[in-house]
S.K.: 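Take this structure, written in structure tokens, and hold onto it; I'll ask about it next.
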Amino acid sequence: MDFYYEYRGSILSQIDNAMEFVKKHMSNGWIKDGNLARREIPEYDLSALRERYN
């Protein structure tokens with residue numbers, strides 16, 4: 001399986017493209033709330049990933 005992608009453009013657009021790549025390829029878990037609703041939990045905290053590059 002090859003996950004090689006080439007992105008071009010400014011560094012900010014490359015960061016946005018990298019974030020989209022992570023969202024597309026990461027797993028999501030879930031937990032049940034008290035009212036039987038399901039809440040998805042991403043494998044990685046996207047705000048923390050974004051913070052890494054700001």
S.K.: Looking at every non-hydrogen atom in both residues, tell me the closest pair between M26 and P42 and how far apart they are.
M.R.: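 Minimum heavy-atom separation between M26 and P42: CE-CB, 3.4 Å.
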S.K.: Considering non-hydrogen atoms only, spot the tightest contact between E40 and N28 and give its length.
M.R.: OE1-ND2, 3.6 Å
S.K.: Using the side-chain contact (heavy atoms from CB on, under 4.5 Å) definition, which of the options M19, H25, K24 pairs with F21?
M.R.: H25
S.K.: Counting only N and O atoms by type, is there a donor-acceptor contact under 3.5 Å from the side chain of E43 to the main-chain atoms of G29?
M.R.: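 No.
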S.K.: Got a sec, which residues hit salt bridge (charged side-chain N to carboxylate O under 4.0 Å, His left out) with R39, two or more places apart in sequence or on another chain?
M.R.: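 Scan of R39 (salt bridge (charged side-chain N to carboxylate O under 4.0 Å, His left out), adjacent residues dropped) gives D33.
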S.K.: Nearest 0.5 Å please: distance from the CG atom of L12 over to the CG atom of N17.
M.R.: 11.0 Å
